[in-house]
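Note sheet for the following structure.
First the proteins, then the strands, lettered A, B, ... as listed; each starts at 1.
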2 protein chains.
Amino acid sequence: MANSGKKKATIYDLSVLSGSSPSTVSAVLNGTWRKRRIKESTAEFIRSLAETHQYTANRQARGLRSSRSGLVGLLLPVHDNRYFSSLAQTFEAHVRSKGQCPIVVSASRDPEEERKTAATLISYSIDELFICGATDPDGVHEVCEAAGLKHINIDLPGTKVPSVISDNFEGGRILTEAIIRHFPTDRPLGPNDLYLFGGRNDHASHERIRGFRAVKKELLGGDPDECIQPTGYAANNARKAFEAFYARCGKLPRGLFVNSSINFEGLLRFMAEHPHDNFTDLVVGCYDYDPFASFLPFPVIMIRQDVEGMIAKAFEVIEQPRAAPRIHLVEPELVPPRTALTGPLDALKDIDLPRGKP
Amino acid sequence: MANSGKKKATIYDLSVLSGSSPSTVSAVLNGTWRKRRIKESTAEFIRSLAETHQYTANRQARGLRSSRSGLVGLLLPVHDNRYFSSLAQTFEAHVRSKGQCPIVVSASRDPEEERKTAATLISYSIDELFICGATDPDGVHEVCEAAGLKHINIDLPGTKVPSVISDNFEGGRILTEAIIRHFPTDRPLGPNDLYLFGGRNDHASHERIRGFRAVKKELLGGDPDECIQPTGYAANNARKAFEAFYARCGKLPRGLFVNSSINFEGLLRFMAEHPHDNFTDLVVGCYDYDPFASFLPFPVIMIRQDVEGMIAKAFEVIEQPRAAPRIHLVEPELVPPRTALTGPLDALKDIDLPRGKP
DNA sequence: CTTATTTGCACAATCGATGGTGCAAAGACT
DNA sequence: AGTCTTTGCACCATCGATTGTGCAAATAAG
């Protein structure tokens, strides 16, 4: 830790140093000085003073006066997840490119926590809020609405403001179809061989399940209810479900539709407890993309959601003055087994800092 | 998007409604009212008013007055990474438990961007800054120091303030040893069979490489320079390095020490381009943990850094008034192949929101 | 040289919460 | 009843930047 007693320079400091008034200094440094007919030379002088004294405006003061903070919020379920952290990464890039500062927080999919967290962000006078994967988007909406805060839903839709989400029905369809078609025609999948695990009572799961069932009915001619196991979004719950199935049937289903990577981790936990089982005759489809999962020792077909597309769309829609609360669908992408896709990080140059020890 | 014209209630609104002065309202609502000898009944009345009007304090105003914001910053290289997003998750929990608000940003490992990003956070009067994995921690230190901001380094050390980092030397040692010992004694590894890929000119890489070389010398009796390939932290650079080795030798080294998961992704990209190669006789050690990687079709030994331990230690040290700028080492953990560990998300209850459609 | 205009900037109110200070009213005490 | 103490609260300056307004000095127009 470290904390010298130094203080930051203010416009008052600079006004004394420059012999101008604080308002002149302020105008020069925030760019409104032409409108105020400040002399070019005065502006230049103040700018140089600001430079040498490392002046940066106090955003709390500015925000208090202007009732805007330059902060843009993103409310996530969790950070610790490839999909959501990828959203955070892309979100941050967009916000920064607009000269604002991102503030990304998570609320654990708990409706109460979602509202409280939104309220906290509002108390910082954030300018906009992107509500991502919230369990209760309309609850968060109430909080935003009461504060007059612009907001939008991502990933899971609400009914009060526009929502930008993945086309989960289509994604569910193409993933299910890919799983089925991955089996050889001489040993085709039966309706009881293809199970769906994971997901809960949310819009995304409903749509994925709808797509799953539609394709099963169409291609396999059947769609038994017991093949749907919406075990939630927790690895251990999924693990238990796999374990229960295994205990009952002595094997796993030949085809698995795993709803989200966290539930796929549940499958891994299950497998770790059955080290001698080879799980040959198994095809997994997972609604989420992870490069390592893609290379597992059994065929893994994955869905990658179009994170960049969703964020871009969300920024576009949130700027529209009176957008209707409709759902904007963004198409996801099917990823065949053994595929290593590039991500947002590939855009970064990999620079280094020259140092002493080589 | 949505934005009603509503405004938030202020202490002035409540002061009119309650017939008390703004200072009384303020004192009641921020808890200092006993010190100010406000009557219990007055306080109760104001509290109820605040409740019904959904009052929350304007943090910008409070922060301006008190020159504290309640914001605690975390500066990351990237969000989009299992290790760093896990740090963010744990960091957030710690900050929230202290009643403050986390603000997590990334700076792409670029020294210039690191300083600018820190300056931005400082302009929001953040109370503390945790500098994580920065390429130039001391550069960020200068910025913090000039603003009188408490800060600490995580993951990569600086020389000006305390640093909490993984014991990379020891981690490098145990990982290297585990790789070597994973080969059967009848087909042991030679000094030229074990390569290290990834990492750059930073403290962590130096230490890991030091551990790697020490163990190689000790157990394999040799440690050729060409076995060290610090290709950076970019998947494609690593891929190219594997490709180059493969072009030269017609195969991969039998043992691989892969420095960080992002470089492991480079290995996957390489493998995706060689679909007919089985890569039997291959053992990979990776300095990072990922459950999916752990189950790949070849033995993968991993290191999991103690994220909770590091964050906890960092919070402990940053509170010490005049802590010396020493390095605090936190021991990492060796993860054998095919292991699905639990993470911070397992602590969350998996709750659901009851809804209409079942 | 006088009256308009324009230029260049200073003044002061404001955003909302905080906290030091002061002062009346109520109660205690003689 | 008169003084002293305590209670309960209001008043006001303050944090730093923004912004509407006003007013001299410089310049242009007549």
Side-chain angles (χ1 to χ4, degrees), chain A residues 7-47 49-50 53-71 122-127 147-148, chain B residues 7-47 49-50 53-71 122-127 147-148:
Chain A
K7 291 194 55 181
K8 292 197 58 188
T10 70
I11 54 170
Y12 298 96
D13 301 330
L14 297 184
S15 99
V16 171
L17 291 168
S18 67
S20 312
S21 75
S23 58
T24 298
V25 175
S26 171
V28 167
L29 296 173
N30 71 22
T32 60
W33 57 284
R34 292 206 170 280
K35 191 166 60 189
R36 287 181 156 271
R37 300 187 306 228
I38 310 283
K39 234 194 302 183
E40 175 72 53
S41 61
T42 309
E44 185 47 49
F45 178 50
I46 290 176
R47 259 184 261 122
L49 273 180
H53 291 269
Q54 308 212 57
Y55 171 84
T56 50
N58 180 322
R59 310 287 303 237
Q60 308 218 59
R62 171 181 297 175
L64 176 57
R65 180 61 225 261
S66 59
S67 67
R68 308 185 74 257
S69 63
L71 292 169
I122 287 169
S123 74
Y124 283 102
S125 310
I126 59 171
D127 299 336
Chain B
K7 291 193 57 181
K8 292 197 57 188
T10 71
I11 53 169
Y12 298 95
D13 300 332
L14 297 184
S15 101
V16 171
L17 291 169
S18 68
S20 312
S21 76
S23 58
T24 298
V25 175
S26 172
V28 167
L29 296 174
N30 70 22
T32 60
W33 58 283
R34 291 204 171 282
K35 192 166 61 190
R36 287 181 154 270
R37 300 188 306 230
I38 310 285
K39 232 193 304 182
E40 176 71 52
S41 62
T42 308
E44 185 47 49
F45 179 50
I46 290 176
R47 259 185 261 121
L49 272 179
H53 287 81
Q54 307 213 58
Y55 171 84
T56 50
N58 181 323
R59 311 287 304 236
Q60 308 220 57
R62 171 183 296 172
L64 176 58
R65 181 60 224 262
S66 60
S67 68
R68 308 186 74 257
S69 64
L71 292 170
I122 287 169
S123 74
Y124 283 102
S125 309
I126 60 171
D127 299 336

From CH2 of B:Trp33 across to P of C:dG19 the rounded distance in Å is 17 Å
>> Please tell me if A:Thr42 has a side-chain N or O lying less than 4.0 Å from either OP1 or OP2 of C:dC9.
In response: yes
Atom CD of A:Glu40 and atom C1' of C:dC9 are separated, to the nearest Å, by 15 Å
Exercise. Given side-chain contact (heavy atoms from CB on, under 4.5 Å), test B:Ser125 with B:Leu71 step by step and report yes or no.
Key: CA-CA 8 Å; B:Ser125 309; B:Leu71 292 170; over 6 Å; no
Between OH of B:Tyr12 and P of C:dT14 the distance, given in whole Å, is 11 Å
Among C:dA17, C:dG16, D:dA17, the one nearest any side-chain atom of B:Ala57 is C:dA17
On a heavy-atom basis, the closest approach of A:Tyr124 and B:Gln60 is O-NE2, 3.6 Å
Separation of C:dT14 atom C1' from A:Gln60 atom CD, nearest Å, is 17 Å
| message | In the structure I gave you, are the side-chain heavy atoms of A:Leu49 and A:Tyr55 within less than 4.5 Å of one another anywhere? | response | no
Checklist entry - Does the side chain of B:Asn58 reach to within under 4.5 Å of the side chain of B:Lys8, using non-hydrogen atoms? => result no
Could you tell me if the side chain of B:Ile38 sits less than 4.5 Å from the side chain of B:Ile46, heavy atoms only? no
Quick note, A:Lys39 side chain, CB onward, closest among C:dC15, C:dA17, C:dC9 is C:dC9
B:Asn58 CG to D:dA17 P, in whole Å, measures 17 Å
- Query: Is the phosphate of D:dT18, meaning OP1 or OP2, less than 4.0 Å from a side-chain N or O of A:Arg62?
  - Reply: yes
Atom CD1 of A:Ile122 and atom C1' of C:dG16 are separated, to the nearest Å, by 17 Å
Whole-Å distance, A:Ile38 CD1 to C:dC11 P, equals 13 Å
Quiz item: Is the shortest side-chain N/O distance from B:Ser21 to OP1 or OP2 of D:dA10 below 4.0 Å?
Solution: yes
**Prompt:** Is any side-chain N or O of B:Tyr124 closer than 4.0 Å to OP1 or OP2 of D:dG16?
**Reply:** no
Distances under 3.5 Å between nitrogen or oxygen atoms of protein and nucleotides 19-23 of chain D:
from: D:dT19; atom 1: N1; to: A:Arg36; atom 2: NH2; distance (Å): 3.4
from: D:dG20; atom 1: N7; to: A:Arg36; atom 2: NH2; distance (Å): 2.8
from: D:dG20; atom 1: O6; to: A:Arg36; atom 2: NH1; distance (Å): 3.1
from: D:dG20; atom 1: O6; to: A:Arg36; atom 2: NH2; distance (Å): 2.9

Between CZ of A:Phe45 and P of C:dG8 the distance, given in whole Å, is 17 Å
>> By the 4.0 Å heavy-atom rule, please label B:Gly19 as base, sugar-phosphate, or nothing.
In response: sugar-phosphate
Considering residues, nucleotides and ligands other than A:Glu44, do more than 12 of their heavy atoms fall under 6.0 Å from its CD?
-> yes
### More than 12 heavy atoms of other groups within 6.0 Å of A:Arg68 CZ
no
